[in-house]
Amino acid sequence: MKNDILEILITENELKGKIKELGEIITKDYKGKDIMLIGVLKGCVLFLSDLAREIKLPLSMDFMVVSSYGTSTKSSGVVRIIKDLEKDITGKDILIVEDIVDTGLTLNYLVDYLKSRNASSVKVCTLLEKPDRRIANVKMDYVGFHIPDKFVVGYGLDYNEIYRNLPFVCVLKPEIYSN
Ligand code: IMP
Ligand code: MG
């Protein structure tokens with residue numbers, strides 16, 4: 001995998017520091033609340049597991065799998081739920097944990113969906129966001145890093161399902177993406 005990397009955008013240390021910071025803020029904001037992390041698989045797995053350890057509150061977790069209708073490059077904004085929540089979320093303070101917000105269409109759909117299920121509150125925590133690509137006007141309450149419009153992998157993010165286990169966020173060489 002090392003030979004495929006063009007540039008590291010966010011190092012392991014930078015990730016660690018930022019996640020600690022996010023955890024501290026979330027711990028303060030959710031004190032006394034019934035916090036439930038909802039991870040959107042599979043991109044969230046590394047981020048969620050590190051973030052959860054920095055939130056010093058009792059919390060529960062659940063996971064969803066969603067898939068966007070449309071072509072690989074053009075999201076339609078209509079999202080299909082492949083794996084739904086296991087339990088009722090009525091009265092819960094939901095924090096959606098995402099790897100990256102790109103167009104925002106997926107997240108926009110998820111927030112509306114979770115609100116319609118009578119959660120007490122629905123907020124969003126995303127590790128990365130690409131401001132240049134936004135289509136849907138979706139509110140992000142906690143953002144790790146704002147990144148340029150480049151396709152990134154690592155720390156949960158994949159290209160063709162590979163590279164999720166890289167401990168940093170990076171850009172691959174152009175020849176990898178064109179293969
Ligand atoms: P959107 O915000 O609805 O456009 O879609 C966001 C989803 O697209 C993310 O959850 C990722 O799965 C995927 N995605 C967007 N940008 C990237 C990237 O740079 N690398 C890897 N996956 C990405
Ligand atoms: Mg994702």
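Note that ligands are numbered from 1 as they come in the structure, with each ligand's atoms numbered from 1 the same way. We number each residue from 1, following the sequence as shown.
Residues T90 and D88 bring a donor and an acceptor atom of their side chains to less than 3.5 Å of each other. Remark: the D4 side chain and the Y159 side chain contain no N/O donor-acceptor pair separated by less than 3.5 Å.
Ring geometry for Y177 against F151 counts as perpendicular: the plane angle is over 60°, on a 0 to 90° scale with 30° as the lower cut.
Under 4.0 angstrom from ligand 1, the non-hydrogen atoms of D99 all belong to its side chain.
Under the side-chain contact (heavy atoms from CB on, under 4.5 Å) rule, I55 has a single partner from L22, I26, I25, which is I26.
If you check each of V79, I100, I135, L41 against atom 7 (C) of ligand 1, the one with the closest non-hydrogen atom is I100.
With hydrogens and angles ignored, the 3.5 Å screen pairs no side-chain donor or acceptor of T103 with any backbone N or O of I135. Without hydrogens or angle criteria, D141 side chain to V124 main chain gives a donor-acceptor distance under 3.5 Å.
S49 is linked by a side chain to side chain contact (heavy atoms under 4.5 Å, CB included) to R53, counting only residues two or more places apart in sequence or in another chain.
With respect to K150 and D132, no salt bridge is recorded, no charged nitrogen being found less than 4.0 Å from a carboxylate O.
Residue L157 places a heavy atom under 4.0 Å from ligand 1. Taking a 4.0 Å cut-off on heavy atoms, R133 fails to register as neighbouring ligand 1. Judged by the shortest distance from any of its heavy atoms, L107 lies outside the 4.0 Å radius around the atoms of ligand 1. Ligand 1 lies out of reach of G43, whose nearest heavy atom is not under 4.0 Å from it.
Taking only nitrogen or oxygen atoms, main chain and side chain alike, T106 reaches within less than 3.5 Å of ligand 1. In terms of polar-atom proximity, defined here as any N/O pair under 3.5 Å, F151 makes no such contact with ligand 1. At under 3.5 Å, not a single nitrogen or oxygen of V101, backbone or side chain, sits near a nitrogen or oxygen of ligand 1.
Those atoms of ligand 1 with a heavy atom of K150 less than 4.0 angstrom away are 19 (O). Shown in contact with D158 at under 4.0 Å from a heavy atom are these atoms of ligand 1, numbered in order with element: 21 (C).
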